[in-house]
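Here the structure comes first, spelled out in structure tokens, and everything after it is commentary.
Keep in mind that what you see is a predicted model, and the values were worked out from it rather than measured. Here is the naming used below: chain letters follow the sequence lines, and residue numbers restart at 1 for every chain.
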There are 2 protein chains.
Amino acid sequence: MESAITKLVDVFKNYSGKDKKLGKKEFRKLIETELNHFITNADNKRAVDELMGKIDKNKDVKITFDEYFILVTLLATTKYNQM
Amino acid sequence: MESAITKLVDVFKNYSGKDKKLGKKEFRKLIETELNHFITNADNKRAVDELMGKIDKNKDVKITFDEYFILVTLLATTKYNQM
């Protein structure tokens with residue numbers, strides 16, 4: 001469990017910029033590369049931008065770690081309800 | 001990343017009872033077995049019960065998946081801020 005949590009932290013660190021946030025380009029790359037099974041249209045820019053809008057709570061078109069973890073929670077809850 | 005999320009879902013499923021929740025005993029077992037590095041006094045019953053109280057939002061002494069993921073988020077945020 002601990003390695004799974006560490007992995008989720010590492011993924012954010014790997015994709016976030018010097019400002020410790022994910023811009024549009026970084027967010028798209030993360031979704032396309034890391035979540036292409038969980039998210040069906042992971043390579044559809046418009047769909048990914050829409051997803052980004054849903055978790056970008058302060059609407060600055062940047063995703064912080066807290067906002068990223070809203071997505072992780074959504075995905076985990078969906079996965080849990082599917083199993 | 002997807003396998004990490006699946007792992008977190010599996011851990012909850014493995015420890016939760018037929019009621020799909022973690023009682024005190026199951027919660028202690030999960031903390032002691034899965035989180036004994038992230039949580040320093042994982043084998044201290046009083047400390048673990050106190051932690052359970054913090055995430056048990058409806059105070060029914062049972063932890064749902066949503067409440068469990070509050071703990072996951074807390075641990076991931078702590079880990080992120082340490083790194």
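- Between B:K25 and B:K29, every side-chain heavy-atom pair lies at or beyond the 4.5 Å cut-off.
- Both the backbone and the side chain of A:K20 come within less than 4.5 Å of a heavy atom of chain B.
- Highest contact tally toward chain B, considering only A:N36, A:L35, A:V11, is held by A:L35 [criterion: heavy-atom pairs under 4.5 Å].
- Residues of residues 61-77 of chain B that come closer than 4.5 Å to chain A, counting heavy atoms only, are B:F65, B:D66, B:Y68, B:F69, B:V72, B:T73, B:L75, B:A76, B:T77, ordered by residue number.
- Side-chain contact between B:Y15 and B:E34 is present, with at least one heavy-atom pair separated by less than 4.5 Å.
- Under the 4.5 Å side-chain criterion, counting only non-hydrogen atoms from C-beta, A:D49 is not in contact with A:F27.
- For the residue pair B:N41 and B:A47, the shortest heavy atom distance occurs at ND2-CB, 3.5 Å.
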Could you walk me through whether A:D60 and A:D56 pass the side chain to side chain contact (heavy atoms under 4.5 Å, CB included) check?
-> CA-CA 7 Å; A:D60 64 347; A:D56 181 13; 3.0 Å; yes
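- Residues B:Y80 and A:L8 fail the side-chain proximity criterion, which asks for heavy atoms closer than 4.5 Å.
- The most heavy-atom pairs under 4.5 Å with chain A, out of B:H37, B:K13, B:E2, come from B:E2.
- If you take CD on B:Q82 and OG1 on A:T6, they are separated by 9.5 Å, rounding to the nearest 0.5 Å.
- The candidate with the highest count of non-hydrogen atom pairs below 4.5 Å against chain B, out of A:K7, A:K79, A:M1, is A:M1.
- Contacts between A:D10 and chain B at a heavy-atom distance below 4.5 Å involve the side chain alone, from C-beta outward.
- Separation of atoms CG (A:L30) and CZ (A:F12) is listed at 9.0 Å; rounding is to 0.5 Å.
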